[in-house]
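Just so it is clear, the model here is predicted, and its values are computed rather than measured.
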Amino acid sequence: MKTIKFGIIGCGLMGKEFAGAVGRWYHLEDECARPEIIALCDTNESSLKWFKDKISTVKYTYTDYHDLLKNDEIDAVYCAVPHVLHGEIYVDIIESGKHFMGEKPFGMDKEQNDKIMEAVKRHPDSVVRCASEFPFYPACQMLIDYVKSGKTGRILEVRSGFCHSSDMNPQKPINWKRKIELNGEYGCMGDLGLHTQHVPFRLGWIPENVCAKLSNYITQRPDGNGGMAKCETWDNAILMCDTKDKDGNKFPITFEMKRMQPGATNEWYLEVYGMEMSVKFSTSDPNAFYYTQAVGSEQAWSRLIVGNKPQFKTATGAIFEFGFTDSILQMWAAFIYEIEGREVSFGCCTPEETILSHRLHTAALLSEKEKTIIKL
């Protein structure tokens with residue numbers, strides 16, 4: 001089996017999730033190239049220990065990512081670092097000519113994203129993608145198929161959101177995501193937004209305007225040294241937009257991104273309301289696909305348990321439940337397929353889709369500032 005040798009830059013939580021997917025690669029039934037992690041880079045050497053202790057294929061460790069990029073054995077790079085570093089590190093990775101999977105938002109702001117996209121254009125042979133796991137749930141894939149088939153009829157409204165409650169505790173110490181110089185002005189939009197937009201953008205629902213409702217509820221948090229630090233970024237965001245279907249019919253689409261949603265652990269959802277049928281999916285009920293059936297003049301919601309029927313077949317039985325680590329495996333399988341030049345029915349988030357996201361978030365900031373609707 002062919003191997004694609006990877007280097008990881010930023011050995012934190014999501015780097016460990018990637019390593020977990022690599023460890024389960026044998027679970028995929030279809031034959032495809034196998035990722036192999038051979039190099040690590042993190043400025044904190046203690047972060048490297050977890051990987052070195054668990055991954056026998058690691059041959060190289062670095063504290064300077066430039067040294068990793070000079071390693072000709074490495075075919076592809078996964079990078080998960082704070083947003084402020086995207087503009088420099090992402091560009092350098094792409095310029096190295098290696099395939100690349102990065103984390104959202106693909107640039108702390110539109111200026112950084114523009115520079116990243118210029119590098120992408122200079123390297124058309126490199127497969128460059130942005131991580132977005134949630135659409136790979138089988139029930140979400142079923143929703144996408146229903147919408148593509150036209151079963152919903154004329155669309156009335158779409159709602160897409162990503163909500164959690166991890167910042168509900170006001171005594172939680174401040175982290176880099178609450179600081180503009182590290183996270184950027186987007187706040188929760190930069191952290192959560194692209195996840196809500198991946199599927200709508202892929203389905204062709206491009207916002208034409210935006211009215212933003214941005215909230216910063218907790219203005220200071222413990223700084224970890226006995227004092228308090230200012231929280232500068234947005235906690236919650238609701239973006240109300242107009243878009244059009246393939247026939248040119250206009251309908252509203254709402255993107256909801258919240259770090260302070262009572263009762264939500266880590267909920268990603270997509271709801272599509274149509275004249276003929278409505279469909280919805282939520283990670284709060286991850287194995288269920290919801291759709292409406294007409295009962296005379298009434299509509300009743302039906303709940304269908306999809307089971308483990310992912311895009312890329314695995315050894316797991318179809319009757320078993322599908323979870324987050326399964327969606328990550330599916331996302332990485334899609335990336336490897338694309339590196340191999342193979343077609344996939346639903347692929348990873350593209351650099352072009354990150355452009356649309358930055359355009360939307362930049363306009364949302366202006367909408368909040370001017371308290372008006374901004375055309376895109």
**Q** Hey, what do you get for CG (N183) to CE (M189), rounding to the nearest 0.5 Å?
**A**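 So the CG of N183 and the CE of M189 are separated by 10.0 Å.
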
**Q** Is a side-chain donor or acceptor of S165 paired with a backbone partner of M168 at a separation under 3.5 angstrom?
**A**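 Not at all, since once roles are kept as given, no pair shorter than 3.5 Å links the two residues.
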
**Q** Give me the one residue out of K258, Q261, R178 that meets side-chain hydrogen bond (donor to acceptor under 3.5 Å, both in side chains) with D235.
**A**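 Testing each of K258, Q261, R178 against D235, the sole residue satisfying side-chain hydrogen bond (donor to acceptor under 3.5 Å, both in side chains) is R178.
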
**Q** Find the distance between CG (L270) and OG1 (T196) and round it off to the nearest 0.5 Å.
**A**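 Between L270 CG and T196 OG1, I get 9.5 Å after rounding to 0.5 Å.
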
**Q** So for atom CG, which belongs to L366, do other residues, nucleotides or ligands contribute more than 12 heavy atoms lying within a distance under 6.0 Å?
**A**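 Counting other residues, nucleotides and ligands, CG of L366 exceeds 12 neighbours.
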
**Q** Please determine whether the number of non-hydrogen atoms from other residues, nucleotides or ligands lying under 6.0 Å from atom CD of E45 exceeds 12.
**A**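 Counting other residues, nucleotides and ligands, CD of E45 stays at 12 neighbours or fewer.
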
**Q** Applying a strict under-4.5 Å side-chain criterion to I, L, V, M, F, W and Y, I'd like to know whether I155 and I144 cluster together.
**A**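 Cluster IDs for I155 and I144 match.
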
**Q** Donor-acceptor pair, distance only, cut-off 3.5 Å: does the side chain of D247 make one with the backbone of N249?
**A**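 Flag not set: sc D247 to bb N249 has no pair under 3.5 Å.
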
**Q** When you check the gap from the basic side-chain N to the acidic O, do E36 and K5 get nearer than 4.0 Å?
**A**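 Answer for the salt bridge query: yes.
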
**Q** So, is the end of the R202 side chain (NZ or CZ) under 6.0 Å from the ring centre of F346 and within 45° of the ring's axis?
**A**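 Flagged: R202 positioned over aromatic ring of F346.
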
**Q** For side-chain contact (heavy atoms from CB on, under 4.5 Å), just list the numbers for Q330 and L28, CA-CA rounded to whole Å, side-chain angles, deciding distance to a tenth of an Å, and then say yes or no.
**A** CA-CA 9 Å; Q330 291 289 309; L28 292 165; 4.2 Å; yes

**Q** If only atom types and distance count, is the side chain of T243 paired as donor or acceptor with the main-chain N or O of I253 below 3.5 Å?
**A**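 Here the side-chain-to-backbone pair does not exist.
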
**Q** Does any N or O in the side chain of T292 come within less than 3.5 Å of the main-chain N or O of S278, such that one atom is a donor and the other an acceptor?
**A**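 It does hold such a pair.
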
**Q** Before giving the answer on side-chain contact (heavy atoms from CB on, under 4.5 Å), spell out for R34 and K2 the whole-Å C-alpha distance, their side-chain angles and the decisive distance to 0.1 Å.
**A** CA-CA 6 Å; R34 177 173 57 85; K2 178 184 176 182; over 6 Å; no

**Q** Can C32 and E340 be said to form a side-chain contact (heavy atoms from CB on, under 4.5 Å), step by step?
**A** CA-CA 8 Å; C32 67; E340 292 186 296; 3.5 Å; yes

**Q** Check for me whether R342 meets the cation-pi criterion with Y337, that is, NZ or CZ under 6.0 Å from the six-membered ring centre and within 45 degrees of the ring axis.
**A**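 Yes, cation above the ring, under 6.0 Å and within 45°.
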
**Q** When you measure from the centre of the six-membered ring of W205, is the NZ or CZ of K244 closer than 6.0 Å and no more than 45° off the axis?
**A**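 The answer is no, since K244 fails at least one limit relative to W205.
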
**Q** For Y273 together with F251, are the ring centres under 6.0 Å from each other?
**A**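 Aromatic pair excluded; centres sit 6.0 Å or further apart.
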
**Q** Indicate the atoms forming the closest heavy-atom contact of P135 with W268, along with that distance.
**A**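 Result for this residue pair: CG-CZ2, 4.2 Å.
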
**Q** Distance from S357 atom OG to N113 atom CG, nearest 0.5 Å?
**A**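 Rounded to the nearest 0.5 Å, the OG-CG separation comes out at 8.5 Å.
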
**Q** Between atom NZ of K121 and atom CD1 of I94, what is the distance when rounded to the nearest 0.5 Å?
**A**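 Between K121 NZ and I94 CD1, I get 12.0 Å after rounding to 0.5 Å.
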
**Q** Side chains of T265 and H164: is there a donor and an acceptor less than 3.5 Å apart?
**A**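 Short answer, no.
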
**Q** Can we say R129 and E338 salt-bridge, meaning some charged N sits less than 4.0 Å from an Asp/Glu carboxylate O?
**A**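 Yes, charged N to carboxylate O under 4.0 Å.
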
**Q** For H86, give me all partners under ring pair (Phe, Tyr, Trp, His ring centres under 6.0 Å), at least two apart in sequence or on another chain.
**A**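 Expected list: H83, Y90.
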
**Q** On the 0 to 90° scale, with breaks at 30° and 60°, tag the Y62-Y60 ring pair as parallel, tilted or perpendicular.
**A**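 Judged by the thresholds at 30° and 60°, the geometry between Y62 and Y60 is parallel.
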
**Q** Any link between Y186 and V81 through a network of hydrophobic side chains (Ile, Leu, Val, Met, Phe, Trp, Tyr) touching at under 4.5 Å?
**A**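 In one cluster with Y186: V81, no.
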
**Q** How about CD on E208, more than 12 heavy atoms from neighbouring residues, nucleotides or ligands closer than 6.0 Å, or not?
**A**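 Correct, the count exceeds 12.
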
**Q** Do the side chains of D285 and R303 get close enough for a salt bridge, i.e. N-O under 4.0 angstrom?
**A**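 Judged by the 4.0 Å cut-off on N to carboxylate O distance, D285 and R303 do form a salt bridge.
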
**Q** Give a yes or no on whether E370 atom CD has more than 12 heavy-atom contacts from other residues, nucleotides or ligands under 6.0 Å away.
**A**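 It does: E370 CD has more than 12 such atoms within range.
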
**Q** Would you call D167 and K172 a salt bridge, using N to O less than 4.0 angstrom?
**A**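 Salt bridge between D167 and K172, a charged N being under 4.0 Å from a carboxylate O: yes.
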
**Q** Going only through I, L, V, M, F, W and Y residues with side-chain contacts under 4.5 Å, is there a path from M240 to V158?
**A**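 The answer is no; the residues belong to distinct hydrophobic clusters.
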
**Q** Can you check whether G97's main-chain N or O pairs, donor with acceptor, with S126's side chain at less than 3.5 Å?
**A**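 Such a contact is found between S126 side chain and G97 backbone.
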
**Q** Does E181, at its CD atom, have more than 12 non-hydrogen atoms belonging to other residues, nucleotides or ligands within less than 6.0 Å?
**A**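 Enclosed: over 12 neighbouring heavy atoms sit under 6.0 Å from CD of E181.
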
**Q** Before we go on, tell me: are the rings of F134 and F162 under 6.0 Å apart, centre to centre?
**A**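 Yes - the distance between ring centres of F134 and F162 falls below the 6.0 Å cut-off.
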
**Q** Could you please spell out the steps behind the side-chain contact (heavy atoms from CB on, under 4.5 Å) verdict for T354 and M117?
**A** CA-CA 9 Å; T354 73; M117 291 308 303; 4.3 Å; yes

**Q** For A318, give me all partners under side-chain contact (heavy atoms from CB on, under 4.5 Å), at least two apart in sequence or on another chain.
**A**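 Partners of A318 under the side-chain contact (heavy atoms from CB on, under 4.5 Å) test: K309.
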
**Q** Hey, are R122 and E95 close enough for a salt bridge, meaning a charged N less than 4.0 Å from a carboxylate O?
**A**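 Looking at E95 together with R122, the answer is yes, because their closest N to O distance falls below 4.0 Å.
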
**Q** Excluding sequence neighbours, so at least two apart, what forms salt bridge (Lys or Arg N to Asp or Glu O under 4.0 Å) with K98?
**A**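 Here no residue qualifies.
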
**Q** So, Q197 versus S160: side-chain donor-acceptor pair below 3.5 Å or not?
**A**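 S160 and Q197 do not have a side-chain donor-acceptor pair below 3.5 Å.
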
**Q** When clusters are formed by joining ILVMFWY residues with side-chain heavy atoms under 4.5 Å apart, either directly or through shared neighbours, do F106 and I8 land in the same one?
**A**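 No, separate clusters.
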
**Q** Working to the nearest 0.5 Å, report the span between NE2 of H361 and CG of L239.
**A**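 The CG atom of L239 is 6.0 Å from NE2 of H361, to the nearest 0.5 Å.
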
**Q** Not counting sequence neighbours, which residues clear salt bridge (Lys or Arg N to Asp or Glu O under 4.0 Å) with E118? List them please.
**A**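 Salt bridge (Lys or Arg N to Asp or Glu O under 4.0 Å) list for E118, sorted by chain: empty.
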
**Q** Measure from the side-chain N and O atoms of N287 to the backbone N and O of E321, and report whether any donor-acceptor pair falls under 3.5 Å.
**A**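 Not confirmed, N287 side chain does not pair with E321 backbone.
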
**Q** Are Y269 and F281 an aromatic pair by the rule of ring centers under 6.0 Å?
**A**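 No, the ring centres sit 6.0 Å or more apart.
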
**Q** Which residues satisfy the salt bridge (Lys or Arg N to Asp or Glu O under 4.0 Å) test with E103, sequence neighbours excluded?
**A**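 For E103, no residue satisfies salt bridge (Lys or Arg N to Asp or Glu O under 4.0 Å) once neighbours in sequence are set aside.
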
**Q** Strictly distance-based, threshold 3.5 Å: is any side-chain N or O of N209 a donor or acceptor partner for the main-chain N or O of C241?
**A**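 Flag not set: sc N209 to bb C241 has no pair under 3.5 Å.
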
**Q** Hey, is R24 close enough to D326 for a salt bridge, meaning N to O under 4.0 Å?
**A**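 Answer for the salt bridge query: yes.
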
**Q** Any Lys/Arg nitrogen of K59 or E73 sitting under 4.0 Å from an Asp/Glu carboxylate oxygen of the other?
**A**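 Yes, K59 and E73 are salt-bridged.
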
**Q** For W234, which residues count as a ring pair (Phe, Tyr, Trp, His ring centres under 6.0 Å) partner, sequence neighbours excluded?
**A**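 Not a single residue meets the ring pair (Phe, Tyr, Trp, His ring centres under 6.0 Å) criterion with W234.
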
**Q** Counting only heavy atoms not in D72, do more than 12 sit closer than 6.0 Å to its CG atom?
**A**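 Open: at most 12 neighbouring heavy atoms sit under 6.0 Å from CG of D72.
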
**Q** Would you say Q112's side chain and M108's backbone share a donor-acceptor pair under 3.5 angstrom?
**A**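 Yes, because the side chain of Q112 sits within donor-acceptor range (under 3.5 Å) of the backbone of M108.
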
**Q** Would V210 end up clustered with I238 when hydrophobic side chains under 4.5 Å apart are linked, directly or stepwise?
**A**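 As far as the 4.5 Å side-chain criterion goes, I238 and V210 are not connected within one cluster.
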
**Q** How about F18 and F6: are their ring centroids closer than 6.0 Å?
**A**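 Ring centres of F6 and F18 closer than 6.0 Å.
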
**Q** Examine distances only and state if a side-chain atom of N44 and a backbone atom of S46 form a donor-acceptor pair shorter than 3.5 Å.
**A**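 The answer is yes, because a donor-acceptor pair under 3.5 Å joins these two groups.
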
**Q** Would you compute the distance between atom CZ of F136 and atom CZ of F322 and round it to the nearest 0.5 angstrom?
**A**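 F136 atom CZ to F322 atom CZ measures 9.5 Å (nearest 0.5 Å).
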
